[in-house]
Amino acid sequence: MEGFTPWPEEFAARYLAEGYWSDRLLGDVLSGGDPERTALVAGDERLTYAELDRRAERTAAGFARLGIRRGDRVVVQLPNTASFVVVFLALVRIGAAPVLALPAHRSSEIGYLCELSEARAYVIPDVHGGFDHRDLARSLSVEHVVVDGDAQEFLALADLTSDLGSSIAPGLAPGAEAVSYERPDPADVGVFLLSGGTTGLPKLIPRTHRDYVYNLEASAEVCGFTSETVYLVVLPVAHNFALACPGVLGVFAKGGTVVLAPSGSPDEAFPLIERERATVCAVVPPIALLWLEAASWSEEDLSSLQLLQVGGAKFAAERAAQVPGVLGCAVQQVLGMAEGLLNYTRLDDPRELVDTTQGRPLSPADEILVVDSDGAEVAPGEVGELLTRGPYTLRGYYRAPEHNVRSFTPDGFYRTGDLVRVLPSGHLVVEGRDKDQINRGGDKISAEELENHLLAHPAVHDAAVVGTPDPVMGERTCAFLIVRDQAPTLREIKRFLKERGVAGYKWPDRVELVETFPRTPVGKISKKELVASLR
Ligand code: J2J
């Protein structure tokens, strides 16, 4: 695929020879499940492995009938519904790569994703969280819009799924419909994930079938998933963590049960834990904090919970230490990234390591370097930037050659921008960040992207966006503005960003007006000083 950077031949050969990579495809992830067992619970729907497989196959046929085929891209923006899972499986089966947008994304993000990926289709809910996605779709020039729900002038997902049409092989028994579509190659890009981003425009992360299958299968192994696992999804299922670390796909690979919750709110999640006897859940730190609070007054029985995975942003050791006593389950820290590398504390690690570290690399083939600002390796135990390469870490962002020169070393290590130190045990401790990004409770915001939006405001002369410490969110977003005349209020700024179609999680929490920006000796805006000025 043009715009995709493959692993160099010698690495690919080694990952295959050493068994990290197989020929299994993302679309076959249901094949190990007992057909009679429950694969997916979402709202009122309960689907067995056989039922989910059949729906995925019918939907695959529907997309194929539309003319979507191997190598195409389809932007998928669905919330935590059964349709997400069905559409994802359908697309990967026909080798069309889903581009996984988040439900919060709006025209600014979606328009760009459709353009960059040259998407053939855009799959949406009708209305979600009070937002009409069909309105957004009308502003795009994408060939097919598929709507889960009331489609209006667009194509309904239900019709796509049920109308089996003439290209289906005749004479097949019900449930065995086949349509002639080309299956992907394991080395093909299977899915595109979104990068948290540090630049003006979001980046797409190509994940091949074989690297992502390894990602999810190895994760399921390390996290002890079995056919007895009941995994509650509270994060957006389109996010790497909830999708494949081990996530929904890791559960399917082991034949377990996935339960989709609309959000991590204890009001919604706790009753589902009780009803479905959920055993595992993945959360970001603000949700973990909420659960620690809520557990003391909630009436629900959470005793089925065995493991709470916490990642996406740093989880304080003191809080991690409280989880077993308060929630009655083990905690696992996860330092992950959609770009690839995953670090997990292990289920049998001593409590001290589980509480105070962000885990160690998933794979024996993960290579880790910790370097100083000159790119030289630091002494063992010292803090530096984490660089990595391995069998499931990208070698380049999609269609971003200039950015790739900066994001990778010449020998293919990805520069994570995370500042870490490595303990003798191999566990990593996150000590900070050296990238122009705000981590707002696990949601990533590119400072440059937000600054560019703010600069488009007529009253804004210059803008600098920083993260400020927050006890719950880890960080919140503060926009320092130099204004021309009439200073806009925070409210006006938010309204402006909303009208520009910028996702709500990127809107600043606070605006500070300044006359000038402090500068570093080389003349760059000193964001450190800006943050310090707020104290
Ligand atoms: C500190 N920072 C962390 C942690 C991620 C599992 C878990 C998380 C993500 C994810 C993911 C952190 N402590 N425990 O994809 O599969 C910050 C780092 C990292 C960036 C990646 C998964 N866990 N981070 O968060 O692509 O800065 O993936 O580089 O959204 O989140 O963000 P993202």
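In this text, all values refer to a predicted model and were calculated from it rather than measured experimentally. Start at 1 and go down the list; that is how both ligands and their atoms are numbered.
- Protein heavy atom closest to atom 1 (C) of ligand 1, with residue, atom name and distance, is Lys314 N, 3.3 Å.
- Within the 4.0 Å heavy-atom criterion, both parts of Leu335, backbone and side chain, lie near ligand 1.
- For the pair Phe408 and Leu394, the minimum side-chain heavy-atom distance is below 4.5 Å.
- Distances between N or O atoms of Gly312 and those of ligand 1 include at least one value under 3.5 Å.
- The residue Arg433 has no part lying near ligand 1, judged by heavy-atom distances below 4.0 Å.
- Taking the ring centroids of Phe4 and Tyr398, they lie at or beyond the 6.0 Å cut-off.
- Here Ala313 has backbone heavy atoms under 4.0 Å from ligand 1, and that is the only part of it that gets that close.
- The Cys245 neighbourhood of ligand 1 comprises atoms 16 (O), with distances under 4.0 Å to a heavy atom of that residue.
- With a heavy-atom cut-off of 4.0 Å, Ala338 touches ligand 1 through backbone and side chain alike.
- Atom numbering of ligand 1 starts at 1 in the shown order; those under 4.0 Å from a heavy atom of Gly336 are 5 (C), 6 (C), 7 (C), 8 (C), 9 (C), 10 (C), 11 (C), 15 (O), 19 (C), 20 (C), 21 (C), 22 (C), 23 (N), 25 (O), 28 (O).
- Of the inter-residue distances, the one linking Leu386 atom CG with Leu369 atom CG reads 8.5 Å to the nearest 0.5 angstrom.
- The line from CG of Leu91 to CG of Leu26 is 11.5 Å long, rounded to the nearest 0.5 Å.
- Using a 4.5 Å cut-off on side-chain heavy atoms (C-beta onward), Arg319 and Pro285 make no contact.
- Heavy-atom separations between Lys444 and ligand 1 include at least one value shorter than 4.0 Å.
- Taking any N or O of Lys435, backbone or side chain, at least one lies under 3.5 Å from an N or O belonging to ligand 1.
- Close approach of ligand 1 to Leu342 is summarised as follows: ligand atoms under 4.0 Å from at least one heavy atom of the residue are 16 (O).
- Ligand 1 has a nitrogen or oxygen under 3.5 angstrom from a nitrogen or oxygen of His239.
- Near Gln358, the atoms of ligand 1 lying under 4.0 angstrom from a non-hydrogen atom of the residue are 13 (N), 14 (N).
- With respect to atom 15 (O) of ligand 1, the closest heavy atom belonging to the protein is Asn240 ND2, 3.1 Å.
- Remark: Asp23 pairs with Arg210 by the side chain to side chain donor-acceptor pair (under 3.5 Å) rule, at least two apart or across chains.
- Residues Cys478 and Val465 have side chains not in contact (no heavy-atom distance under 4.5 Å, counting atoms from C-beta outward).
- In terms of polar-atom proximity, Asp418 is counted as a contact of ligand 1, with an N or O under 3.5 Å from an N or O of the ligand.
- A distance of 6.0 Å separates CG of Leu347 from CD of Gln332, quoted to the nearest 0.5 Å.
- Not close to ligand 1: Gly196, with no non-hydrogen atom less than 4.0 angstrom away.
- Here Asp418 contributes atom CG and Leu341 contributes atom CG; the two are 9.5 Å apart, rounded to the nearest 0.5 Å.
- By the side chain to side chain donor-acceptor pair (under 3.5 Å) test, Thr199 pairs with Lys203, sequence neighbours left out.
- Here Val334 has heavy atoms under 4.0 Å from ligand 1 in both its backbone and its side chain.
- Using a 4.0 Å cut-off between a side-chain N of Lys or Arg and a carboxylate O of Asp or Glu, Arg207 and Asp211 qualify as a salt bridge.
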